[in-house]
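Below is one structure, written out as structure tokens, with a few remarks after it.
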Amino acid sequence: MERQTFTKIFNLFSIACGVWFACTSWLWAWFVNLFISLPVAIIGMIFWYFGKRDGVDRLNRIALIAHALGLAIAIVSLFVL
């Protein structure tokens, strides 16, 4: 496969991990967030890093926004609880 195809695959995996992180980042009860959400966010950021090597495109920005949204939700929900 071409390098461009690998970049798209990395970005799509990063988006999937970012959506998972955004949907589960509010689960701070009994620190469930540390075991379910944050490891997936770290893996997603690794995929994002490998996906941004060939320049920033729309998929890469979407992945970064999904991870930023998940981080914002996690921080707000931590302070609310």
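Quick caveat, the model's predicted, so the values are computed rather than measured.
Linking ILVMFWY residues whenever their side-chain heavy atoms come closer than 4.5 Å, directly or via other members, leaves I62 and I65 in distinct clusters. Y49 and L12 sit in two unconnected hydrophobic clusters of ILVMFWY residues. Membership requires side-chain heavy atoms under 4.5 Å apart, directly or through other members. Hydrophobic clustering (side-chain heavy atoms under 4.5 Å, transitive across Ile, Leu, Val, Met, Phe, Trp, Tyr) keeps F79 apart from V76. Under the 4.5 Å side-chain contact rule for hydrophobic residues, L71 and L34 share a cluster. Following chains of ILVMFWY side-chain contacts shorter than 4.5 Å, one can reach F31 starting from L38, so the two form part of one hydrophobic cluster.
Rounded to the nearest 0.5 Å, atoms CG (L64) and CG (L69) are 11.5 Å apart. The structure places CG of L27 at 8.0 Å from OG of S77, a figure rounded to the nearest 0.5 Å. Summarising the geometry, atom CZ belonging to F13 is positioned 14.0 Å from atom CZ belonging to F50; distances are rounded to the nearest 0.5 Å. Distance check: K52 NZ to M45 CE gives 9.0 Å after rounding to the nearest 0.5 Å. With rounding to the nearest 0.5 angstrom, the OG atom of S25 is 4.5 Å from the CD1 atom of I73. A distance of 11.5 Å separates CD1 of I9 from CG of L59, quoted to the nearest 0.5 Å.
A donor-acceptor contact closer than 3.5 angstrom is absent between the side chains of N11 and W48.
Taking the six-membered ring where the residue is Trp, F10 and F47 present parallel rings, their angle staying beneath 30° rather than reaching 60°.
Residues T24 and N33 have side chains not in contact (no heavy-atom distance under 4.5 Å, counting atoms from C-beta outward). No side-chain heavy atom of W28 sits less than 4.5 Å from a side-chain heavy atom of V80.
Annotation: W26, atom CH2; neighbour count of heavy atoms from other residues, nucleotides and ligands within 6.0 Å does not exceed 12.
The shortest non-hydrogen separation linking A66 to A22 is O-CB, 4.1 Å. The two residues G51 and T7 make their nearest non-hydrogen contact at O-CG2, 3.0 Å. When all heavy atoms of S14 and G44 are compared, the closest pair comes out as OG-O, 3.0 Å. Closest non-hydrogen pair, F21 versus S37, comes out as CD1-OG, 2.9 Å.
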